[in-house]
Number of protein chains: 2
Amino acid sequence: MTRAQFDRDNVIKKSIKLFWERGFSASSMQQVVKSTGLKPGSIYLAFGSKEGLFREALGAYAQRSIESIREVLDNEKSIGEGICKILTRYVEESTKKDYCSCFLIKTQLELAAEGNELYQIAAAKLNSIEDLYRSYLEREFDPDLSRLRATSIMLHIFGVRVYGYQQGSAKRMHEGLRTGLPWLPWPPLD
Amino acid sequence: MTRAQFDRDNVIKKSIKLFWERGFSASSMQQVVKSTGLKPGSIYLAFGSKEGLFREALGAYAQRSIESIREVLDNEKSIGEGICKILTRYVEESTKKDYCSCFLIKTQLELAAEGNELYQIAAAKLNSIEDLYRSYLEREFDPDLSRLRATSIMLHIFGVRVYGYQQGSAKRMHEGLRTGLPWLPWPPLD
DNA sequence: AATTATTTTGAATGATCATTCAAGATGTGT
DNA sequence: ACACATCTTGAATGATCATTCAAAATAATT
């Protein structure tokens with residue numbers, strides 16, 4: 001180690017924001033240079049390519065997401081209540097002005113056709129999130145039911161991540177989630 | 001009218017395929033030229049821009065989708081059975097080798113951040129599809145329940161369109177749909 | 001047949017793309 | 001203080017991008 005390198009965490013944070021918002025193809029390295037403050041040479045020395053930087057950003061996002069799920073599920077009174085909290089949070093996120101769905105989902109949809117490695121990563125991470133829900137559910141339900149319900153949860157999460165773009169959709173989503181996941185301990189809607 | 005123009009329908013069909021698979025940003029006009037057989041000048045005279053061509057392709061796709069939904073719902077014995085058939089078809093589509101979700105959803109996710117007009121179109125069309133389901137449901141259920149169930153259906157459609165990328169997901173989706181939409185007259189799973 | 005209107009052609013344009021690399025700067029080891 | 005390893009710089013590179021337009025071709029009209 002020679003000189004204090006650039007703040008890698010911050011660069012990844014900025015890259016997540018850019019790539020998440022605009023996607024892989026529509027984000028230019030020029031924009032990366034601008035938003036991270038790094039010069040092209042530094043980026044390429046550190047990450048190898050645009051794809052390399054994207055991969056690291058995507059990985060960091062996935063880790064952050066998984067940790068955030070664990071954090072909620074570990075601290076709520078029951079798994080069901082934790083899941084309600086997470087889903088409710090996702091609905092609320094969608095009401096924000098700069099809402100942009102889920103980075104993993106967007107990457108999967110954008111890059112699936114090219115059989116891109118980044119698509120494989122996104123798909124694998126989403127799969128591991130389903131596994132996470134399943135393993136938590138197994139603390140309260142039998143394995144078969146847990147697997148089934150984990151799938152149903154994922155269908156609803158994906159649904160919310162897309163439906164969230166519809167204007168004024170929050171209220172309908174809250175109701176729709178209660179309709180499709182009636183076995184969860186939902187707090188009453190006011 | 002002077003000379004018989006190029007086959008517009010066929011050009012749109014080819015453009016739908018390209019844009020649907022690869023998205024707006026990752027599709028180049030060079031690829032459009034190659035896949036449609038048209039030269040740049042003809043494309044620009046007829047559609048004005050890449051965005052113009054994309055808009056027409058997206059519109060044609062949306063119309064086709066809506067017609068296909070109507071066709072099923074009009075011919076099945078009940079609305080519920082029609083919806084089951086449509087959802088089952090979406091699951092089966094996802095098992096095809098060149099599966100690429102839904103053109104409207106992909107467009108919405110790709111172009112939302114830029115506030116692009118194409119995003120507005122995609123969002124509006126998806127909204128009109130929900131309205132279509134709601135209006136059909138109102139033939140069999142009261143308005144409030146119809147609205148609620150239309151939302152729940154859309155959540156599941158969006159879910160299926162994303163979840164479909166997961167390997168071996170068809171079976172789980174069939175089960176997950178029955179879990180989340182238990183009020184539909186599902187045929188038994190074998 | 002001649003004229004006019006429209007469509008097609010495809011090379012050319014300038015912008016922007018991801019990436020490179022020689023030169024300079026900064027830190028560590030001696 | 002000197003040498004060495006590493007990092008940063010940013011202009012340059014060649015490829016590819018969307019788009020244009022003058023010229024040629026084709027059809028309708030006179």
Side-chain angles (χ1 to χ4, degrees), chain A residues 1-58 106-107 110-111 113-119 121, chain B residues 1-58 106-107 110-111 113-119 121:
Chain A
M1 195 64 56
T2 57
R3 172 153 123 73
Q5 278 174 269
F6 61 83
D7 180 349
R8 199 175 178 102
D9 282 357
N10 187 250
V11 166
I12 291 298
K13 220 176 82 183
K14 295 276 172 58
S15 302
I16 288 175
K17 181 172 159 53
L18 177 67
F19 285 133
W20 184 2
E21 276 178 10
R22 314 192 79 80
F24 182 79
S25 296
S27 302
S28 70
M29 287 308 282
Q30 210 161 284
Q31 288 172 304
V32 172
V33 165
K34 194 173 170 187
S35 75
T36 63
L38 278 133
K39 306 298 173 198
S42 301
I43 300 172
Y44 278 83
L45 186 74
F47 303 101
S49 63
K50 181 184 178 185
E51 190 170 323
L53 175 59
F54 190 98
R55 180 168 39 239
E56 196 153 323
L58 190 66
K106 288 187 73 172
T107 300
E110 181 187 357
L111 302 176
E114 316 172 28
N116 199 302
E117 184 214 347
L118 298 170
Y119 154 69
I121 295 173
Chain B
M1 197 63 56
T2 57
R3 172 152 122 73
Q5 278 174 271
F6 60 84
D7 180 348
R8 199 175 178 101
D9 282 356
N10 188 251
V11 165
I12 291 299
K13 220 176 82 183
K14 294 278 173 56
S15 300
I16 288 175
K17 181 172 158 53
L18 178 67
F19 285 133
W20 183 3
E21 276 178 11
R22 315 191 76 81
F24 182 79
S25 296
S27 302
S28 70
M29 287 308 281
Q30 212 161 285
Q31 289 172 305
V32 172
V33 165
K34 194 174 168 187
S35 75
T36 63
L38 257 60
K39 305 297 172 202
S42 301
I43 300 172
Y44 278 83
L45 185 73
F47 304 100
S49 64
K50 182 184 176 184
E51 190 171 323
L53 175 58
F54 190 98
R55 180 167 41 241
E56 195 152 323
L58 190 67
K106 289 187 72 172
T107 300
E110 182 186 357
L111 302 176
E114 316 172 29
N116 198 303
E117 184 213 346
L118 297 170
Y119 153 71
I121 295 174

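Numbered from 1 within each chain, the chains take letters A, B, ... in sequence-line order. Bear in mind the structure is a predicted one, so any value in this text is a computation, not a measurement.
When atom types are taken as modelled, the side chain of B:E110 and the backbone of A:G23 share no donor-acceptor pair closer than 3.5 angstrom. Between the A:K50 side chain and the A:S27 main chain, a donor and an acceptor come within less than 3.5 Å of each other.
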Side-chain donor-acceptor contacts of residues 37-49 of chain B below 3.5 Å, not counting sequence neighbours, with atom names and distances?
from  : atom 1 : to    : atom 2 : distance (Å)
B:S49 : OG     : B:E51 : N      : 3.4
B:S49 : OG     : B:G52 : N      : 3.0

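Shown here are the side chain to side chain contact (heavy atoms under 4.5 Å, CB included) partners of A:K17, two or more places apart in sequence or in another chain: A:E21. Scanning for side-chain hydrogen bond (donor to acceptor under 3.5 Å, both in side chains) contacts around A:E117 gives A:R55, with sequence neighbours left out.
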(message) If you apply the rule side chain to side chain contact (heavy atoms under 4.5 Å, CB included), what do you find for B:I16 with B:L58, and how did you get there?
(response) CA-CA 7 Å; B:I16 288 175; B:L58 190 67; over 6 Å; no

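The interatomic distance linking B:I43 (CD1) with C:dG10 (P) rounds to 13 Å, in whole Å. In this structure, A:Q5 places its CD atom 15 Å from P of C:dT26, rounding to the nearest Å. The interatomic distance linking A:F47 (CZ) with D:dC7 (P) rounds to 12 Å, in whole Å. Here C:dT7 presents its P atom at 9 Å from CZ of B:F6, a figure rounded to the nearest Å. Per the geometry, CG belonging to B:L45 stands 13 Å off P belonging to D:dC21, to the nearest Å.
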(message) So if I define the base as every atom that isn't primed, P, OP1 or OP2, how would nucleotides 10-17 of chain D read as a B/S/- string at a heavy-atom cutoff under 4.0 Å?
(response) BB-----S

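The one candidate from B:T107, B:I121, B:L111 that meets the side chain to side chain contact (heavy atoms under 4.5 Å, CB included) condition with B:N116 is B:L111.
For the contact set between residues 8-24 of chain A and DNA chain C, defined by any heavy atom under 4.0 Å, there are no members.
Listed by first and then second residue, the salt bridge (charged side-chain N to carboxylate O under 4.0 Å, His left out) pairs that reach into residues 6-15 of chain A are A:R8-A:E56, sequence neighbours excluded.
Within the 4.0 Å cut-off from OP1 or OP2 of D:dT20, not a single side-chain nitrogen or oxygen of B:Y44 is found.
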